Amino acid sequence: MDNAAEKFLTNKNDVIDGTVFEAIRSLIQDGDNVEWNMQIIGEVTDTIESMLIERGFETCHPWYDEDENICYKVDRCVYCKVVNCDV
């Protein structure tokens, strides 16, 4: 994976994960004591994204596959229709 692709993937997912974590903390009674848990963050992210897609919103949640393709680099991407996404 090239440096620009790695940077895009890292930056975008850091924003998504951090934002979802803050939302989780805000919903829990003692949110200041909640520990970072990627399993929970991932499940909440998937739920939010599914709900948005069902309501007609286009989302951008980049990933890379075993061939190190990032969503915006391959035709099969369901997230991004812009060739040069920028965070």
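Keep in mind the model is a prediction, meaning the values are calculated, not measured.
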- Message: I'd like to check the side-chain contact (heavy atoms from CB on, under 4.5 Å) partners of L27; sequence neighbours left out, ordered by chain and number.
- Response: none
- Item | Those residues that, when tested against Q29, pass side-chain contact (heavy atoms from CB on, under 4.5 Å) (two or more places apart) | none
- Item | Euclidean distance, N37 CG relative to E43 CD, rounded to 0.5 Å | 8.5 Å
- Message: Can you list everything that forms a side chain to side chain donor-acceptor pair (under 3.5 Å) with D14? Sequence neighbours excluded, please.
- Response: none
- Note on the structure: So CG of L9 and NZ of K7: to nearest 0.5 Å the spacing works out to 13.5 Å
- Query: Without hydrogens or angle criteria, can the side chains of N13 and H61 be said to hold a donor-acceptor pair below 3.5 Å?
  - Reply: yes
Distance-only donor-acceptor hits, side chain of residues 16-23, under 3.5 Å, sequence neighbours excluded:
residue	atom	partner	partner atom	Å
T19	OG1	V15	O	2.8
E22	OE1	R25	NH1	3.3
E22	OE2	R25	NH1	3.2

- Item | ILVMFWY network linking I48 to W36, side-chain heavy atoms under 4.5 angstrom | yes
- Query: Taking only residues two or more places apart in sequence, or in another chain, which ones meet E54 in a side chain to side chain donor-acceptor pair (under 3.5 Å)?
  - Reply: none
- Message: For the CG atom of N11 and the CD atom of E6, what is their distance to the nearest 0.5 Å?
- Response: 10.0 Å
- For C60 and K12, the nearest pair of non-hydrogen atoms, with its separation, is O-CE, 3.2 Å
- Task: Starting at CG of D32, measure out to CG of D30 and round the result to the nearest 0.5 Å.
- Result: 6.5 Å
- Determine, using the 4.5 Å side-chain heavy-atom cutoff (strictly less than), whether I40 and M38 are members of one ILVMFWY cluster. yes
